Amino acid sequence: MEEMKFLGIDFSCAVGSLSNGKFPEKDCLLPLISKLLGYCIVAASTTVKLPQILKILKHSSVRGLSLVAFELEVVGYTIALAYCLHKGLPFSAYGELAFLLIQAIILVGVIYYFSQPLGTMTWIRALLYCGLAPTILAGQIDPLLFEALYASQHAIFFCARVPQIWANFKNKSTGELSFLTSLMNFAGSMVRVFTSIQEKAPTSGIIHHFLLD
């Protein structure tokens, strides 16, 4: 049967089975579902941080939010995206990272705006990121250092959760933290774990999606 490909997804196996009155076999169906879910995650990721941004803008407040937690998320997304670009992975396997990074940067900017005046250390962290991020995203660093950075992103995402958890515990409230954004992060990560396993991604990649929760 002639190949039926769209956006890099081969539908010929499933269509062939259905045209013969048979339900597609698991080995045919699971890769197709994985690819489709991958693109769904990428599409859904374009709005993941939006509820959090809108909640801050609506209340003109960042009460209960940990700035460091959101800054670490930006660093983690940057490293993860740079690694995927450097390895030449298909867009369906990492596309959400690009949209999440853009939204995370906007979110940090909004938090900065409502956290005036900003301390000296905050400005230093922001300037360091602006200076180093383009080099990392371009992959213009030593390969061994690149691998070390990718390995460190797991610790970065884990550490990004700790300040916010502590802030919630200390304030006995989630403040302006958006439940919808947290839920979408969790759901997207669980689906991506499935697609990563299906695509036989490295264990480090699967761990990465767990830590995104």
Side-chain angles (χ1 to χ4, degrees), residues 41-85 94-141 145-146 149-150 152-189 208-209 211-213:
I41 292 172
V42 173
S45 69
T46 59
T47 60
V48 167
K49 303 291 184 184
L50 191 57
Q52 182 64 77
I53 295 170
L54 293 177
K55 188 170 185 178
I56 294 173
L57 294 176
K58 178 181 178 181
H59 298 138
S60 299
S61 169
V62 291
R63 179 181 60 87
L65 299 184
S66 169
L67 174 58
V68 173
F70 290 99
E71 288 176 329
L72 285 173
E73 271 197 349
V74 170
V75 174
Y77 287 138
T78 301
I79 294 172
L81 177 60
Y83 189 82
C84 291
L85 290 171
Y94 71 88
E96 74 273 13
L97 291 171
F99 296 112
L100 288 172
L101 175 59
I102 293 170
Q103 292 172 80
I105 291 173
I106 294 172
L107 179 54
V108 168
V110 171
I111 295 175
Y112 279 174
Y113 179 81
F114 288 105
S115 299
Q116 300 292 339
L118 296 176
T120 303
M121 285 306 299
T122 301
W123 282 112
I124 291 175
R125 292 196 301 268
L127 289 173
L128 276 174
Y129 175 80
C130 291
L132 295 174
T135 300
I136 295 173
L137 287 169
Q140 296 177 346
I141 55 178
L145 178 58
F146 211 165
L149 277 176
Y150 183 69
S152 73
Q153 63 153 330
H154 306 313
I156 291 171
F157 278 114
F158 175 79
C159 292
R161 300 294 173 255
V162 175
Q164 188 60 62
I165 291 171
W166 174 247
N168 293 347
F169 175 78
K170 184 175 66 174
N171 299 328
K172 293 181 172 54
S173 167
T174 56
E176 300 302 330
L177 190 65
S178 170
F179 171 76
L180 185 55
T181 287
S182 300
L183 179 63
M184 291 171 72
N185 271 329
F186 176 78
S189 295
H208 157 73
H209 293 300
L211 293 175
L212 280 179
D213 295 346

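Everything numeric in this text was worked out from a predicted model, so none of it was measured. FYI, side chains are in, hydrogens and waters are out, and symmetry mates aren't considered; it's all heavy atoms of this structure.
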I need the [X] [atom1] to [Y] [atom2] distance, nearest 0.5 Å.
X	Y	atom1	atom2	value
Leu118	Met121	CG	CE	13.0 Å
Lys55	Leu50	NZ	CG	13.5 Å
Phe146	Ile136	CZ	CD1	8.0 Å
Leu101	Ile79	CG	CD1	11.0 Å
Leu72	Leu67	CG	CG	9.5 Å
Ile105	Glu73	CD1	CD	12.0 Å

If you look at every heavy atom in [X] and [Y], which pair is closest and at what distance?
X	Y	answer
Lys49	Ala104	CG-N, 4.3 Å
Leu97	Cys84	CD1-SG, 4.0 Å
Tyr77	Phe157	N-CZ, 3.5 Å
Gly76	Gln153	O-OE1, 4.0 Å
Ser115	Ile111	OG-O, 2.6 Å
Ala69	Pro163	CB-CB, 4.2 Å

Exercise for review: Tell me, with the steps shown, if Thr78 and Leu132 meet side-chain contact (heavy atoms from CB on, under 4.5 Å).
Suggested key: CA-CA 10 Å; Thr78 301; Leu132 295 174; over 6 Å; no
Review point. With Val62, which of Tyr113, Phe114, Phe70 fulfils side-chain contact (heavy atoms from CB on, under 4.5 Å)?
Key: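 Filter result, single survivor: Phe114.
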Review point. Do Tyr112 and Glu71 have side-chain N/O donor and acceptor atoms under 3.5 Å apart?
Key: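 Yes.
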Practice item. Report yes if the side chains of Arg125 and Thr122 come closer than 4.5 Å at any heavy-atom pair, otherwise no. Key: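 Yes, at least one pair of side-chain atoms sits under 4.5 Å.
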Exercise for review: State, yes or no, whether a side-chain contact exists between Ile56 and Leu107 at a heavy-atom distance under 4.5 Å.
Suggested key: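 Heavy-atom side-chain distance check passes, below 4.5 Å.
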Point to revise | ring pair (Phe, Tyr, Trp, His ring centres under 6.0 Å) partners of Trp166, counting only residues at least two apart | key: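 Per chain and number, Trp166 pairs via ring pair (Phe, Tyr, Trp, His ring centres under 6.0 Å) with Phe169.
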For the pair [X] (side chain) and [Y] (backbone), establish whether a donor and an acceptor sit closer than 3.5 Å, ignoring hydrogens and angles.
X	Y	value
Gln103	Ile53	no
Gln52	Ser178	yes
Gln164	Gly64	yes

